[in-house]
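In the text below, chain A, chain B and the rest are named by the order of the sequence lines, each starting its count at 1.
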Amino acid sequence: MSIVHKIQTCVVASLQSLYGQNFSEKDFQINQTKPEFEGDYTVVIFSLVKPLKKSPDVLGQELGTVLTTQHGDLFTGFNFIKGFLNLSIADSYWLDLLQHHHNDICFGKQAMNGQKVMIEYSSPNTNKPLHLGHLRNNFLGWSVAEILKANGYEVFKSCIVNDRGIHICKSMIAWQLFANGATPESTGIKGDHLVGDYYVKFNDEYKKQVATLVANGMSEADAEKNAPIMLQTQQMLLDWESGNPEVMTLWKTMNGWVYEGFDVTYKAIGSDFDKTYYESNTYLLGKDIVQQGLSKNVFQKKPDGSVWIDLTPDGLDEKLVLRKDGTSVYITQDIGLAQLKHDEFGIDQSIYVIGDEQNYHMKVLKLIAQKLGLPYADHIYHLSYGMVELPTGKMKSREGTVVDADDLVQEMIDTARRHTEELGKVKDFNPEELNTLFHTIGLGAMKFYLLRVDPKKKMIFNPEESIDFHGFTGPFIQYTHARIKSILRKEPLTSFDNSTELFLPLEKQVLYTLEQFPAAIADAAKELNPSVLANYLFHLAKQFNSFYTEHSIGNAETSNKKQLRLQMANMTAHVLKSGMQMLGIAVPERM
RNA sequence: GGUUCGGUAGCUCAGCUGGAUAGAGCAUCAGCCUUCUAAGCUGAGGGUCAUUGGUUCGAAUCCAAUCCGAAUCACCA
């Protein structure tokens, strides 16, 4: 039980015995006491003044007296200032915490709760390589999965690959027209980048053709529809759908190149999936659900044969769910896939990590599922995250302002190498150990940078200022861990009699924060927000560092004190490692 | 125009289920390596929490209005 929870319980009990009234934990607030006051935790008693019809001063004094007499083992003293009841917690409480958890690698994690959650993330298109926005998505999805696991959920990570459609055909047409049979092997270009290059070439050529047509007197709208390369692409999509062998072969070949490229990137950034869905397999799903919807009168068929749902009563618009030619649209496929996930995995919750530009779409998806009375409708949750923008605004592939994922990863690793070499602390590492270290630090800096911000908010990335390795960063926490490990290699942990130890303020600060780790994990899960953990871990590392510079561990005043501090250091290292792991970040033993 | 989200230090962000003098990091300035890793620590300067009004013992936090910014409102995915 957390200290805050314990205090709440004691206060409720004391109020009951004092005034004979029942209160719940929500009727008053417990805060950490501000450093300028005496005490550890504070009960804010203003909210109790009215129901008890007592003056704040009387209430505070009475409650403080009862708490310290009835729970003397937990509270050693109190003071009352202007409505704030500051309580001092017995040192034995923290000694106990240390004793039980200093070597507990599972500290803060919950037992399995029997709930199954699917989390869909990454979801790339196979016509271009991954960029910075995908990185935020991948890190978020992976981290939220880990956080939920730590809270006792069984988690399935899934990915839907958008591997078909007009945008894929654009790359294919451009490759046919301009590539002269170029392959990743023949050019030495990573497969996803090669295909992406032809996607760009398509757009260049398309723009050129439109300009030519307009110059010859055609209206811009007509030119956009009639540019030869666009007509070719549309024909290719029809050929693909009819299974034209030549088109299918090209499609498989080029997608194969892309997947090889993605594999390299995913491996580098540490993303993986338990289940991968391909849109080419799922795009026909959902049509039978539309039929059900028609018979339930949830959907309406228009004279031209197209099928719609009217969402105007819910403040939204009319939405098409089936084209007049009977083919399905985006939303139809998503309903089908939601059904498939539910059938295959029997999940209790389905989380979609998708950018906030799709808030409307996801709202519609859930609403349609609810109107159809589908059993999983209420389990759909859109984990919406903000775009990563540049100081100049949105990233635009056409203007070449996209920050490529592979480039950024490489840049981070190079920067980690540069810093490490300048500091020269690991000169005895062999080349393989060095590469692992550079990767750990570089990726750590990047992941922490993208995860430390509230997912809901859009964030700004300035490519001119490289991602920092000092301060509120991944390497700062990694460094704190490595430093502790260095001590633990030299000083063995042994058992000791700690019953008489008292804590110094800086020691107590670290223990306070360690105690809050379980709450941080729970909060992060509740809000599906890794930044809660990132902030917590930074706070812990910072407090440990303050303690570390002020007090020696190896040369502590007494041997018991030394053991006590070693336990604190050990527990801090475990928490940092465990918490960083939930962010997808490894911590090195040395750096 | 409708809907949704956002506006906190020079910059990037915490804090938002109302609580004591609004916090970090970066950047700037001043200190700290002959004992455990200085990717660290200590300190200083830097704020009209977009604006106005309301709710109350108390508002960055809740409510309303206004201003500014973004996303979205496709027979694209």
Side-chain angles (χ1 to χ4, degrees), chain A residues 26 29 31 33-34 36-37 42 44-47 49-50 56 81-84 86 123 125 127 160 162 164-168 279 283 304 306-308 315-317 319-325 327-331 333-334 355-361 363-364 384 386-387 389 391 393-394 416 419-420 422-423 425-426 441 445 449 452-454 456-462 465 468-480 482-491 531-532 534-535 538-539 541-542 544-556 562 565-566 569 590-591:
Chain A
K26 287 175 185 154
Q29 266 186 23
N31 297 335
T33 304
K34 302 262 172 194
E36 56 269 31
F37 299 100
T42 298
V44 184
I45 60 107
F46 286 110
S47 54
V49 167
K50 227 176 224 172
I81 303 165
K82 294 194 295 180
F84 299 91
N86 301 322
S123 306
N125 291 329
N127 63 338
I160 170 81
N162 302 114
R164 50 137 253 130
I166 192 83
H167 53 299
I168 308 298
E279 197 200 326
Y283 81 108
D304 67 359
S306 59
V307 180
W308 296 74
L316 305 175
D317 301 306
K319 185 86 187 169
L320 177 97
V321 293
L322 216 54
R323 296 192 186 96
K324 64 183 173 210
D325 61 8
T327 56
S328 56
V329 292
Y330 183 30
I331 196 95
Q333 298 168 32
D334 269 359
D356 62 8
E357 54 196 357
Q358 301 214 32
N359 285 354
Y360 181 78
H361 172 80
K363 200 169 165 183
V364 170
S384 167
M387 297 290 103
E389 294 183 3
K394 272 190 91 167
H419 281 288
T420 307
E422 272 170 22
L423 292 166
K425 292 178 184 174
V426 288
I441 298 174
Y449 178 84
R452 67 178 202 189
V453 181
D454 187 338
K456 286 196 303 287
K457 298 192 178 179
K458 74 171 187 206
M459 60 183 293
I460 294 179
F461 172 80
N462 189 347
E465 303 164 12
D468 221 310
F469 283 61
H470 301 269
F472 185 15
T473 67
F476 172 90
I477 294 168
Q478 291 173 321
Y479 176 72
T480 307
R483 225 184 192 183
I484 294 172
K485 284 299 188 177
S486 168
I487 298 171
L488 293 173
R489 277 192 296 274
K490 291 172 192 157
E491 306 284 354
S531 79
V532 170
N535 278 283
F538 172 64
H539 184 63
K542 204 169 156 47
F544 184 85
N545 284 331
S546 295
F547 155 75
Y548 171 94
T549 29
E550 196 65 30
H551 304 294
S552 175
I553 295 172
N555 294 318
K562 177 169 162 181
R565 288 182 182 164
L566 281 171
R590 291 179 57 194
M591 65 186 276

*Please list, chain by chain and in numerical order, all residues satisfying side chain to side chain contact (heavy atoms under 4.5 Å, CB included) with A/Ser384, sequence neighbours excluded.*
A/Asp356, A/Asn359, A/His382
*For A/Glu279, which contact category applies under a 4.0 Å heavy-atom criterion: base, sugar-phosphate, or nothing?*
sugar-phosphate
Report all interatomic pairs (protein N or O, nucleotide N or O of nucleotides 60-62 of chain B) with separations under 3.5 Å.
none

Atom pairs under 3.5 Å: protein N/O with N/O of nucleotides 25-28 of chain B:
{"from": "B/G25", "atom 1": "OP1", "to": "A/Lys542", "atom 2": "NZ", "distance (Å)": "3.0"}
{"from": "B/G25", "atom 1": "O2'", "to": "A/Phe472", "atom 2": "N", "distance (Å)": "3.3"}

*C1' gap between B/U42 and B/C33, integer Å*: 14 Å
*Does A/Arg483 have any side chain to side chain contact (heavy atoms under 4.5 Å, CB included) partners at least two apart in sequence or in another chain, and if so, which?*
A/Tyr479, A/Asn545, A/Tyr548
_Contacts of A/Asn86 that satisfy side chain to side chain contact (heavy atoms under 4.5 Å, CB included) - sequence neighbours left out_ = A/Thr33, A/Phe37, A/Thr42, A/Asn79, A/Ile81, A/Phe84
*asked:* Holding to side chain to side chain contact (heavy atoms under 4.5 Å, CB included), I want the full list of residues that pass it with A/Val321, two or more places apart in sequence or in another chain.
replied: A/Val290, A/Phe299, A/Val307, A/Ile309, A/Ile331, A/Thr332, A/Ile368
*Taking both distances under 3.5 Å as the test for a Watson-Crick or G-U pair, what stems of at least three pairs does RNA chain B have?*
B:1-7 with B:67-73, B:10-13 with B:23-26, B:28-32 with B:40-44, B:50-54 with B:62-66
*If you look at every strand shown and take non-hydrogen atoms under 4.0 Å, does A/Ile441 touch a base, only sugar-phosphate, or nothing?*
base
*With sequence neighbours excluded, tell me which residues meet side chain to side chain donor-acceptor pair (under 3.5 Å) with A/Lys456.*
A/Asp454
_Results of ring pair (Phe, Tyr, Trp, His ring centres under 6.0 Å) for A/His539 - residues two or more places apart only_ = none
*Of all residues at least two apart in sequence or in a different chain, which pass the ring pair (Phe, Tyr, Trp, His ring centres under 6.0 Å) check with A/Phe538?*
A/Phe472, A/Phe476
_Just to verify, what does A/Lys542 make a side chain to side chain donor-acceptor pair (under 3.5 Å) with, not counting sequence neighbours?_
none
For nucleotides 72-74 of chain B, list the nitrogen or oxygen atoms of the protein found under 3.5 Å from its nitrogen or oxygen atoms, one pair per line.
{"from": "B/C73", "atom 1": "O2'", "to": "A/Asp317", "atom 2": "OD2", "distance (Å)": "2.2"}

